[in-house]
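The structure under discussion is supplied below as structure tokens; questions concerning it will follow.
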Amino acid sequence: VTARNDQLLTPVRQLLDVAEPILGRSGRIGELRERLDGPLRVAIAGKVKAGKSTLLNALVGERVAPTDASECTRVVTQYRNSHMYRVTGVPYVGEPIELRFRRTDRDFEFSLGDHGADDFKYVDVEWPSDRLRDMVLIDTPGLASVSVDVSDRTQRFLSTDEEGPGDADAVLYLMRHLHPMDLSFLEAFKDSIVTLGATVNSIGVLSRADEIGASRPNAMSSAARIAAKYQADPRINALCQVVIPVTGLIAQAGATLRQDEADALRAVAAMDRADSTELLLSAQRFVTREAPPGLEPDVRARLLERLGLFGVRLSVELFGTERVSTAGELAAELEARSGIQELRQVLGGHFASRAVVLKVRSTLATLWSLAELQGGSEGRMLRDRIRDIERAAHELVEIRLLSELRRGTVSLGEGTLEARRILGDRGAAADARLGLPPSTPPDEVRAAAISAVARWRLVVEDPLLTADAREVVRGVIRSCEGMAVAGQ
Amino acid sequence: MTVCPGCGAENDDTVVFCASCGDIIDWGSSSGPVMADHRASAPSNPPAAPAEPAEPAGPVEPAEPVEPAVPVPAAPPSAEAPSPAPVPAPVPPPPAPAAQPPPPPTAPPPPSAPPPPPAFAPAPPPPVAAPPPPPAPAPPEDGSPPPAPAEPPERKPAAPRTTATPAARPAEPEPAEPQPDPAAAERMRRLVAKSALLPKNEPAAEPAAESPSAAAHAAPAGESTRVPSSTIVPPKPPVSIASPTRSVSIATPTSVVGGATTETSTAASRLVARSAPTAPGTPGTPSTPSRPSTPGAPTTPSTPADGKPGPSSLAAAIQIAERSGRTDLASRLRANRERIRRTGVTIAIVGEFKKGKSTLVNALVNAEVCPSDPVDATVVPIAVTHGEDLTATVEFKGRPSEKIELTQISEFGTEAGNEDNHLRVTRIEVELPRRLLASGLVVLDTPGVGGLESAAGALNLATLERADGVLFVTDCSQELTAPELAYLAAARQRCPQLICVMTKADLHLAAMTLCEHNRGHLAAAGLGDVPILMVSSVLHLLSLAESDAHLEHESGFAELFDVILRTIWEPTRTRELAEAGEQLADLADHLAMPLEAAQQAKGSAQAAEQTIARLSEAQDRVRQFRSNASRWQQRLNEGMQDASVDLDHDLRTRMRTLSRMVDGRVDADDPADDLVFEAWVHKMVIEEVVGHYEMISQRANGLAEEIDQYFATLDRESSFQVDAAVPTELLATVHVSRDQLVKDGIASRVIRTGQGYSSGLVLFSSVVGVVSALPWIPLLALPFAGFMAKRAFSDDRERRKSARGVELKRLATKYLDEIGFIVHKDSRDTVRRIQRDIREHYARRAEQLELTLQQAMASAERARAAPSPQAGAADIDADDQAVVRDIASVARRLTAGLAVAS
């Protein structure tokens with residue numbers, strides 16, 4: 001794999017070397033080079049209050065991003081692994097500024113000092129965490145915010161402007177239960193993804209899943225149904241290959257649950273059944289009703305803030321039915337039910353295993369638009385070279401073909417689904433591509449790949465195939481061949 | 001025990017859902033007694049309505065006995081109290097001082113009105129013995145009039161009883177409640193007095209139950225305090241009930257009708273005014289001498305002076321009309337009475353997808369009628385209206401409606417069975433026996449507009465024209481978003497009575513804070529006066545099921561009902577009544593003309609000759625007016641032709657603009673995503689089409705008004721006016737009020753209920769109907785989806801881009817062409833239909849006028865022939881005249897309500 005990555009990276013690095021003297025303004029090339037070597041940059045985008053920061057905390061497993069009931073994130077913030085805690089503001093003009101921050105065991109806050117949110121292109125938070133090692137997470141202000149400038153900041157960050165395409169290699173798009181024909185919803189996608197040319201780098205997250213259906217106990221299964229529906233909707237499918245229901249709040253609580261919180265929840269579960277039902281009827285009741293000692297109103301308010309009504313109900317239920325008995329068990333159970341693990345898996349399958357490809361893609365895309373701006377014969381030369389690289393690297397071809405299939409611009413009839421899978425729609429691993437169960441022995445994988453090659457060779461002979469379709473089929477065959485060879 | 005309608009199992013009265021099959025138990029039908037009882041008292045249900053005798057035989061009706069009791073007791077004798085409120089508040093039985101311990105019984109200035117007739121409680125929960133009564137707040141009380149009077153006397157005494165047991169209601173949580181304690185006690189009483197809900201179950205409490213309870217529902221706590229007594233309007237009967245302490249003088253329309261009878265002096269003065277020469281233009285205006293009493297002592301409690309049961313005056317008028325063979329007038333009178341009784345008030349529930357709209361509707365009517373599923377969203381509008389039985393009807397585009405089971409609603413109305421509305425359902429109508437709805441309230445659940453900036457959003461906006469009020473639903477999980485605010489602003493332009501409701505308050509602790517934030521956002525968007533409140537539908541339903549007053553309080557529904565009452569129901573009702581008043585005045589004039597002609601002709605042979613001459617002259621004029629060659633007909637034809645040409649041009653211009661915009665977008669920003677482009681095109685198209693229809697509406701309205709001028713001129717030129725013989729007010733009134741209406745921008749929503757003929761106003765239905773008829777036009781042909789599939793795709797980015805642009809333009813042009821074709825045809829049809837409607841409308845008006853003139857002529861002839869009529873006949877005439885005067889005075893009061901309100 002490493003060898004293969006080098007194969008991919010080398011020409012890109014060379015191209016950057018070539019480009020540097022031509023485009024060498026404002027250190028953009030240096031930035032690109034750094035990106036290429038650094039971890040994958042994943043942006044978390046979505047409408048206001050979709051739960052972006054909460055999800056980010058859940059992914060990191062710590063409370064790194066401040067969250068609040070009203071709009072909270074006002075400036076694009078990137079979180080990356082480091083050996084120390086540090087917060088730096090990167091202004092549009094001028095040198096980065098170190099910002100002051102405050103970190104407690106419960107919270108983390110930084111202040112922009114005398115600067116307005118508008119001054120910064122983004123804020124860089126360095127945070128020692130294993131979970132951030134393979135991925136830089138970027139928190140964005142919500143789209144469709146009432147404060148237009150807040151939305152603008154995200155747009156600016158994610159969309160193409162004279163500074164180049166979006167600053168992320170991949171996007172987690174958070175959607176609450178929305179209507180698929182929501183224009184602004186689609187436009188948000190357009191800005192964040194289409195400029196990058198493909199939809200391979202986006203995963204849809206049905207966020208705040210716990211609030212679906214009035215937070216009834218079956219909220220998560222309802223959420224799963226909705227996610228399945230979204231995924232089947234060609235309109236959404238064209239934008240992101242999978243939609244995963246996640247309740248960030250519960251995941252975050254699971255990741256950061258404290259002993260005293262678990263104790264309080266256990267105390268609620270220990271109450272008389274009728275009393276606890278009363279108590280859990282509504283958020284207001286939960287906080288204001290009388291309750292046994294140890295459950296002072298502020299304790300309960302805190303619980304509610306941390307877990308949400310659904311989370312509290314769920315935890316009490318778990319304790320009450322003795323499915324969990326310790327804080328650790330509860331935390332594990334909450335994480336398991338939050339959907340965050342599925343999301344991590346998909347992130348691993350779709351993003352991490354393809355990190356290099358995605359990075360190369362976004363680097364080339366940035367370079368392309370810089371070259372376009374540059375114009376002239378040099379610009380043309382650069383673009384020709386970019387195209388050469390794209391044609392030569394099968395991984396990049398795969399992604400392009402995949403996105404065309406997904407968007408319906410090319411169709412292979414019944415074979416479309418299989419072709420998509422082989423091109424890596426369900427993950428880049430060979431077994432996933434061939435529709436085999438995970439950890440299938442290499443021999444079987446190879447056999448399957450060979451038979452797939454045979455099948456698709458027949459397809460490519462079809463004289464009625466359009467040129468575009470034939471190109472896709474060739475790509476499919478090549479992917480299969482690759483797997484057959486790799487298995488040896 | 002309540003029998004589940006679904007499976008027949010017996011359930012405890014307190015449950016909402018059947019224990020064995022899980023069906024919702026419909027209180028309306030299961031607790032028959034409750035409904036029946038209320039019906040008896042509240043005539044809101046036309047069929048059962050005892051009070052306002054629908055039948056001419058009013059007086060004889062069984063219900064009658066009750067009525068007399070009412071007006072009589074209240075006797076503050078001011079015979080002639082034109083209360084500011086168009087309605088003479090039927091004086092409430094002077095609050096028995098002794099009886100009302102807690103609340104200081106009198107509100108000084110405002111004439112205390114007896115609690116209006118039994119409001120109908122929404123859906124009285126079946127609960128029985130639970131002490132905390134389910135405070136089923138029922139929104140606006142129904143307009144049902146007649147019975148009101150009957151109750152007051154009994155009610156008051158009853159009140160104290162309940163009050164005495166202010167069931168422990170610990171913290172009276174309504175901070176906003178400026179009311180004095182007694183009021184709180186009263187509210188509490190209402191809440192506690194479960195009996196109110198179930199009169200039958202608790203005989204002891206019954207009297208109280210009848211009205212106060214019902215009223216309680218109708219008027220959410222605190223109601224009265226918020227309504228400045230000065231702005232009394234007829235439609236808020238429930239108010240007075242809310243707090244006896246500050247009872248506002250409210251008269252139910254019913255009572256109005258009743259009280260009218262007694263207002264002799266007014267009638268007389270009007271008569272005088274009429275016979276006196278009046279300036280031509282002025283007759284109809286409110287301030288005319290003809291209604292001198294109106295402006296006077298507004299706050300004086302007016303009381304029906306004589307003991308005559310008032311309610312029958314309308315019925316008597318119908319009798320008169322029928323006796324003289326004027327079935328046209330009789331049916332108009334009936335329609336009018338129905339209108340006074342039941343105001344059609346449509347409240348549209350709008351908002352983004354999945355915000356809890358359907359659940360809110362269910363909670364409002366207390367029945368699971370709108371499917372609310374966590375996954376599948378509503379895709380067609382569902383209207384919940386009143387009906388004797390629980391029924392559901394699906395209306396389709398292009399085929400006959402079908403009756404369906406309630407359980408099938410989700411098949412037709414949601415994504416579960418009708419994704420993207422492929423069944424082409426235009427609407428589902430659910431009828432439900434609910435007193436809340438019996439008043440004419442229609443709750444309209446709309447599909448979530450899925451992104452308020454989408455085509456659906458634009459379409460939805462167009463339909464708001466017809467709504468009387470809008471509940472904009474958002475939820476407590478987040479602040480209002482920019483699209484939501486934009487939608488709110490646009491919605492308010494079309495329907496000013498707007499309320500922002502934040503649902504799911506039970507789930508979010510931060511709801512309060514969010515609400516504040518939202519208030520700030522609203523204010524910043526210039527919508528600061530839009531009320532915003534938080535509710536929990538779930539808690540409300542639960543509280544009804546469990547009769548839990550605390551829960552009910554937490555649900556916030558009392559306040560919601562209160563706000564609906566104040567900001568939607570009352571203004572609409574006032575307006576409706578005012579319009580009804582105008583029509584009634586017109587009718588009264590029609591009825592009065594023959595009577596007065598006889599009167600005038602009676603004196604001497606010369607007078608008779610004069611009268612007859614005048615009448616025949618008028619007759620000629622009217623005849624001429626009716627003839628085909630008349631000027632107005634010509635004008636109508638010409639005007640319509642002009643409009644037709646202009647509208648064609650308008651449509652073409654719009655389509656061209658659209659097509660240019662599409663090209664521009666394709667060229668300029670290279671729509672990177674087909675889906676975005678498609679959604680954008682849809683949205684733009686719908687906006688333009690809606691704009692076109694609005695233009696049709698505007699043109700037609702203008703023309704109708706012009707025609708109306710001809711009519712008014714005809715009338716003004718006629719000698720009647722000067723001599724006050726007749727239609728002085730007939731047309732002038734209508735005309736004037738029309739101006740007012742137009743000015744107020746309400747003309748556009750006159751129709752909706754289509755309750756028969758209204759002078760000059762019905763017309764607007766066909767005109768206004770235009771916009772609301774449109775929603776289905778443009779959505780039929782959308783060749784867009786998936787259109788890019790066949791597009792050639794090349795590896796080359798530039799080529800790809802330009803090929804795509806060409807293809808997009810081609811498809812867009814085709815699409816616009818298609819839309820233009822469909823809309824053009826429909827637009828033409830609409831114009832033709834409007835022309836026909838206008839013509840028929842005015843022809844009918846002229847015809848009625850002619851008929852009336854004929855009658856007047858006949859009676860004048862009769863008077864000439866028999867100068868000294870027999871005593872009996874004279875009596876009849878006198879009686880008739882009294883009735884007509886009553887009606888006229890009622891009409892004036894109703895109309896005055898408009899002035900007060902605006």
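Each chain gets a letter, A, B and so on, in the order its sequence line appears, and its residues count up from 1. What you are looking at is a predicted structure, and each value in this text was computed from that prediction instead of being measured.
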Once rounded to the nearest 0.5 Å, what's the spacing between atom CG of L551(B) and atom CZ of R285(A)?
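Rounded to the nearest 0.5 Å, the CG-CZ separation comes to 4.0 Å.
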Roughly how far apart are L507(B) CG and Q284(A) CD, rounded to 0.5 Å?
9.0 Å
Rounded to the nearest 0.5 Å, what's the gap from CD on E554(B) to OG1 on T288(A)? Could you check?
6.5 Å
Close side-chain approach of L281(A) to D506(B), heavy-atom, < 4.5 Å:
no
Heavy-atom proximity to chain A below 4.5 Å, by part of A505(B)
backbone
Look up atom NE2 in H508(B) and atom CD in E305(A), then write down how far apart they are to the nearest 0.5 Å.
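Between atom NE2 of H508(B) and atom CD of E305(A) there are 14.0 Å.
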For R385(A), check side-chain hydrogen bond (donor to acceptor under 3.5 Å, both in side chains) against everything at least two apart and list the hits.
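Once residues adjacent in sequence are excluded, R385(A) has no partner under the side-chain hydrogen bond (donor to acceptor under 3.5 Å, both in side chains) criterion.
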Side chain, backbone, both or neither: which part of A223(A) has a non-hydrogen atom closer than 4.5 Å to chain B?
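Neither part; nothing is under 4.5 Å.
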